[in-house]
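Just below is one structure, and these are the notes that go with it.
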Number of protein chains: 2
Amino acid sequence: MSTVTKKRREIIDRPQQILRVAREIFRERGYLGLNMDRIAEQMGIAKGTIYQHFKNKEEVILSMAVETLEKRIAMFERAVLFQGSARARMAAMGCAAELFVINFPDHFELEKVLSCSSIIEKTSEKLQAAKTVAEMKCISLVAGLVRDGIASGGLLLPNDFKPDQIVFGLWSISYGGYSIMESQETLKQMGIENGFRLVRDMNNKLLDGFNWKPLSSEFDYNAIFDEVRTRIFSDFPKP
Amino acid sequence: MSTVTKKRREIIDRPQQILRVAREIFRERGYLGLNMDRIAEQMGIAKGTIYQHFKNKEEVILSMAVETLEKRIAMFERAVLFQGSARARMAAMGCAAELFVINFPDHFELEKVLSCSSIIEKTSEKLQAAKTVAEMKCISLVAGLVRDGIASGGLLLPNDFKPDQIVFGLWSISYGGYSIMESQETLKQMGIENGFRLVRDMNNKLLDGFNWKPLSSEFDYNAIFDEVRTRIFSDFPKP
DNA sequence: GCCATTTTTGACGTTCCGTCAAAAATACGA
DNA sequence: TCGTATTTTTGACGGAACGTCAAAAATGGC
């Protein structure tokens, strides 16, 4: 009886086990180094068994991304509870985004692989939808803060702008900034040493551009970053 | 004698011919659909001949990117000559960047493929350097405009900011924004229809955040976009 | 026209993907 | 406990693509 349970559990857990091993390999050897034979060997199972859980290699990758996206949602949900003005809470959200990238470095690499259209195209609509849902959850959390900013009077959005568009702007800076950061060569040539800090600053300046009070010249949002890191995300390793 | 010349020319032109065909295939079938056999077949030469000019598939891709990057440099060099305030010229630069993405749609896809570390790692340092050089040329053109802004008094940069960092911010918004636009289902879910316009607006708001005069509330920088498109880049097809 | 050099060729070894028929493991009723 | 039905696992296999290299073809100089 206990054997039955054990066996069943083993099968149920397998997808996560596969993703765990795949992530390990991906982190160490990158996209081209990740292959199904290697996963199978490392797990001590046959390759065919992996295909019982994942349609193809690309779905393994997409599944890894969805998995870490859930972590990001959890982090965003914690950050949104930060006490302070709407803008301060937005800064806390930025901190969460930054800590996410630092603590789950493989996720960003996964995103880049998946941004190649010919790769994502090999995955099922269903799994793609799962990723979109997870992303939307993050976005709506951020958009909620923009609405809070409007509601509390700190932000007066021009007529032709909508909260989601602000989110798009912040998202672009973060996504673009982190991407550029990783391809280090160019950045060093530019004489930029602390990319993370810079992404924060740019996000702040964008919000300043929308005249979201208090402006970054009136309030030290970088101070919040330390506070958020030590208070809300104390369970993450310090930098 | 004429045969000699012809033969020699053929060999000299080959790399570009290969890139031309490769780009065609890449555009139609993406990264996974681009393979050396296909290039060879399409060109009517043997696969081995391609390897005389390119170390591997990844170098073909990187070379394509460098090739289009040269186009971007040329466009930036034209845009920088726009007549107006430094900020207006920066808007013109944004127009150039946008038109580049529209007119060379494969370039962005190439960038995304190359942003995968395990892919770029297969290319030679030398070729990577060529890409960095091309990128730096673009960056320094933009940075020059920031300096012009400072020199002409429209922009007073806070002590802890340097021109290159402003470029980083603009670059992030554009790179991030265009990336999100191309890949995303998510964008549609967000109810964003005109992504290009939005990227422009965000760049403008970022510069507003730095209080670069005249602010976008005082001057219609979007009007410049039409002017730049029709005046400077009249040789590009209209949208 | 002949030989040395350069260039091209495509068959080949290799790696990895995804499949599938056979084998092993498990479930279950008698 | 045993025998049969069902589920799960296996790894050999066909196919696709990479990159190589010895042989063949083309070219050049005399």
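In what follows, every chain begins at residue 1, and chains take the letters A, B, ... in the order their sequences are listed. Please read all numbers here as calculations on a predicted model, not as lab measurements.
- At the phosphate of D/dG19, OP1 or OP2 sits under 4.0 Å from a side-chain N or O atom of B/K122.
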**Request:** Start with the C-alpha gap between A/F108 and A/Y175, add the side-chain angles, then the distance that decides, and say whether ring-ring contact (aromatic ring centres under 6.0 Å, His included) holds.
**Result:** CA-CA 9 Å; A/F108 220 75; A/Y175 183 89; 5.5 Å; yes
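- Evaluation of atom-type donor-acceptor distances gives a pair under 3.5 Å for the side chain of A/K47 against the base of C/dG18.
- In this structure, OH of B/Y51 is placed 24 Å from P of C/dT6, rounded to the nearest angstrom.
- At whole-Å resolution of the value, CG in A/D37 and C1' in D/dC13 are 13 Å apart.
- Between A/E59 atom CD and C/dC17 atom P the separation is 15 Å, expressed in whole Å.
- Of all nucleotides listed (D/dC18, D/dT10, C/dG10), C/dG10 comes nearest to the side chain of B/A46.
- The residue A/L34 sits close only to the backbone: its heavy atoms come under 4.0 Å of sugar-phosphate atoms, none of a base.
- Contact check on A/E67 versus A/R23 returns a salt bridge, with a Lys/Arg side-chain nitrogen under 4.0 Å from an Asp/Glu carboxylate oxygen.
- Closest-nucleotide positions on DNA chain C for A/G48 and A/L32 were compared, and the one nearer the 5' end corresponds to A/L32.
- Checked against the 6.0 Å centroid criterion, the rings of A/Y178 and A/F196 qualify as a close aromatic pair.
- Look at CD1 on A/I39: it is 11 Å from P on C/dG18, rounded to the nearest Å.
- One atom, CE of A/M36, and another, C1' of D/dG11, lie 15 Å apart when rounded to the nearest Å.
- Picking from C/dT9, D/dA17, D/dT8 the nucleotide with the shortest atom distance to the side chain of B/T49 gives C/dT9.
- Ionic pairing of A/R78 and A/D235 is present here: one or more N-O contacts between side-chain nitrogen and carboxylate oxygen are shorter than 4.0 angstrom.
- With hydrogens and angles ignored, no donor-acceptor pair under 3.5 angstrom links the side chain of A/K57 to the base of C/dG18.
- Atom pair B/E41:CD and C/dT9:C1' shows a separation of 15 Å (rounding to whole Å applied).
- Between A/S124 and A/K55, the shortest heavy-atom distance links the atoms N-NZ, 3.9 Å.
- Rounded to a whole Å, the CD atom of B/Q42 is 14 Å from the P atom of D/dA17.
- To the nearest angstrom, P of D/dG19 lies 16 Å from NE2 of B/H53.
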